[in-house]
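Each remark here refers to the structure printed beneath this line.
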Amino acid sequence: MHKRRLQQIFRTLFKTYGPQHWWPAKSRFEVMVGAVLTQNTAWSNVERAIASLREAGVPSAEAMLALGDTELARLIRPSGYFNVKAKRLKALCRWYLDHGGRRRLRHWPSARLRESLLSVHGIGPETADDILLYAFDHPVFVIDAYTRRLLGRLGHPQAQAAYEEFRGSLESALGADTGLFNEYHALIVAHGKSVCRPRPRCEECVLSGKCEFGSAKKPPSPRPSP
DNA sequence: ACCCAGGGTCATA
DNA sequence: TATGACCATGGG
């Protein structure tokens with residue numbers, strides 16, 4: 001898929017949903033925590049878990065590591081997979097502090113930071129890219145289920161390819177642009193939450209190439225004046 | 001009673 | 001490389 005098409009899709013999303021102001025978090029640390037908690041989980045459930053952590057006074061990696069696994073799991077219970085995610089969060093916190101925290105990590109080149117994140121237990125490509133983009137402002141295009149679904153329906157030939165291949169195709173087409181990637185992924189999620197669902201199939205998106213995200217198409221009236 | 005949600009790991013073929 | 005089981009809560 002060419003640059004023009006990807007830009008056109010972005011403009012349509014932006015006009016439809018407006019600026020998203022992502023990531024929804026109060027701190028860089030909360031971005032990283034949220035990236036783990038939202039793994040295969042509705043964000044509404046993650047919000048409860050984040051609120052629970054705030055009430056318990058866990059605003060930092062140090063504070064989180066001071067908790068026992070069982071205690072941390074209890075606090076994040078609403079986000080689901082709480083035993084698994086408690087261990088993943090602590091692994092991420094340990095990695096974060098062992099590498100000098102943000103003060104050090106912010107100077108790492110993107111590829112090195114990504115590789116290091118992927119070595120942390122429980123951090124896969126998507127979670128790593130969430131952290132790279134939204135906590136460290138690196139220009140990476142985050143690929144998630146919504147991205148594959150939408151761009152796949154719009155005819156992107158590599159939407160079902162391996163993660164790195166799909167990501168590379170988008171980044172090389174658009175060029176490194178942190179602000180654009182930030183807004184683009186947020187808009188894809190907003191679109192996914194509203195109409196681009198697995199079932200029933202999105203009536204617009206399945207048109208594959210004519211998708212205008214529900215603004216001026218369904219009844220093809222010849223002259224829809226604003 | 002289903003299906004789905006802003007994934008990742010591990011075992012298996 | 002590519003499936004399948006597993007993890008678990010909450011909303012539609």
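Within every chain, numbering begins at 1; the chains are lettered A, B, ... in the order of the sequence lines, protein sequences first and strands thereafter.
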In chain order, what residues pass the ring pair (Phe, Tyr, Trp, His ring centres under 6.0 Å) check against [X], with sequence neighbours excluded?
{"X": "H138(A)", "result": "none"}
{"X": "W95(A)", "result": "H99(A)"}
{"X": "F29(A)", "result": "none"}

List, one per line, each side-chain donor-acceptor pair under 3.5 Å for residues 61-82 of chain A, sequence neighbours excluded.
from	atom 1	to	atom 2	distance (Å)
D69(A)	OD1	K90(A)	NZ	3.0
E71(A)	OE1	R74(A)	NE	3.3
E71(A)	OE2	R74(A)	NH2	2.9
S79(A)	OG	I76(A)	O	2.9
Y81(A)	OH	N40(A)	ND2	3.1

>> Keeping Y134(A) on the side-chain end and W22(A) on the backbone end, is there a donor-acceptor pair under 3.5 Å?
In response: no

> Quick one: ring-ring contact (aromatic ring centres under 6.0 Å, His included) pairs with a partner in residues 59-80 of chain A, sequence neighbours left out?
Replying inline: none

> Which ranges of DNA chain B pair up as stems, where a stem means three or more consecutive Watson-Crick or G-U pairs with both distances under 3.5 Å?
Replying inline: B:2-5 with C:9-12, B:7-13 with C:1-7

> With L118(A), which residues qualify under side-chain contact (heavy atoms from CB on, under 4.5 Å), at least two apart?
Replying inline: R114(A), P125(A), A128(A)

> Can you list the residues that meet the side-chain contact (heavy atoms from CB on, under 4.5 Å) rule with A25(A), with sequence neighbours excluded?
Replying inline: W23(A), E30(A), V31(A)

>> Tell me if the aromatic rings of F141(A) and H185(A) count as close, with their centers under 6.0 Å from one another.
In response: no

>> I'd like to check Q160(A) versus F166(A) (side-chain heavy atoms, cut-off strictly below 4.5 Å). Are they in contact?
In response: no

Enumerate the protein-to-nucleotides 9-13 of chain B contacts in which both atoms are nitrogen or oxygen and the separation is below 3.5 Å.
from	atom 1	to	atom 2	distance (Å)
dT9(B)	OP1	G122(A)	N	3.1

>> Could you tell me how far apart K87(A) (NZ) and dG8(B) (C1') are, to the nearest whole angstrom?
In response: 14 Å

> What is the distance from CG of L37(A) to C1' of dG8(B), rounded to the nearest Å?
Replying inline: 14 Å

> Name the one of K85(A), R88(A), E126(A) that satisfies side chain to side chain donor-acceptor pair (under 3.5 Å) with Q39(A)?
Replying inline: R88(A)

>> Near DNA chain C, counting only heavy atoms under 4.0 Å, which residues of residues 129-145 of chain A show up?
In response: none

> Who pairs with D130(A) by salt bridge (Lys or Arg N to Asp or Glu O under 4.0 Å), at least two apart in sequence or on another chain?
Replying inline: none

> Can you tell me if the side-chain N/O atoms of T127(A) get under 4.0 Å from OP1 or OP2 in dG8(B)?
Replying inline: yes

All N/O pairs under 3.5 Å across the protein-nucleotides 8-12 of chain C interface:
from	atom 1	to	atom 2	distance (Å)
dA8(C)	OP1	Y81(A)	O	3.4
dA8(C)	OP1	F82(A)	N	3.2
dA8(C)	OP1	N83(A)	N	2.7
dA8(C)	OP1	V84(A)	N	3.2
dA8(C)	OP2	N83(A)	ND2	3.4
dA8(C)	O4'	Y81(A)	N	3.0
dA8(C)	N6	Y81(A)	OH	2.3
dA8(C)	N1	Y81(A)	OH	2.9
dT9(C)	O2	N45(A)	ND2	3.0
dG10(C)	O4'	N45(A)	OD1	3.2
dG10(C)	O4'	N45(A)	ND2	3.0
dG11(C)	OP1	R48(A)	NH2	2.3

>> Determine whether S194(A) and Y17(A) satisfy the following criterion, side chain to side chain donor-acceptor pair (under 3.5 Å), listing intermediate values before the conclusion.
In response: CA-CA 10 Å; S194(A) 58; Y17(A) 301 103; 3.1 Å; yes

> Say you pick atom P in dG8(B) and the same atom in dG10(C); how far apart are they, in whole Å?
Replying inline: 22 Å

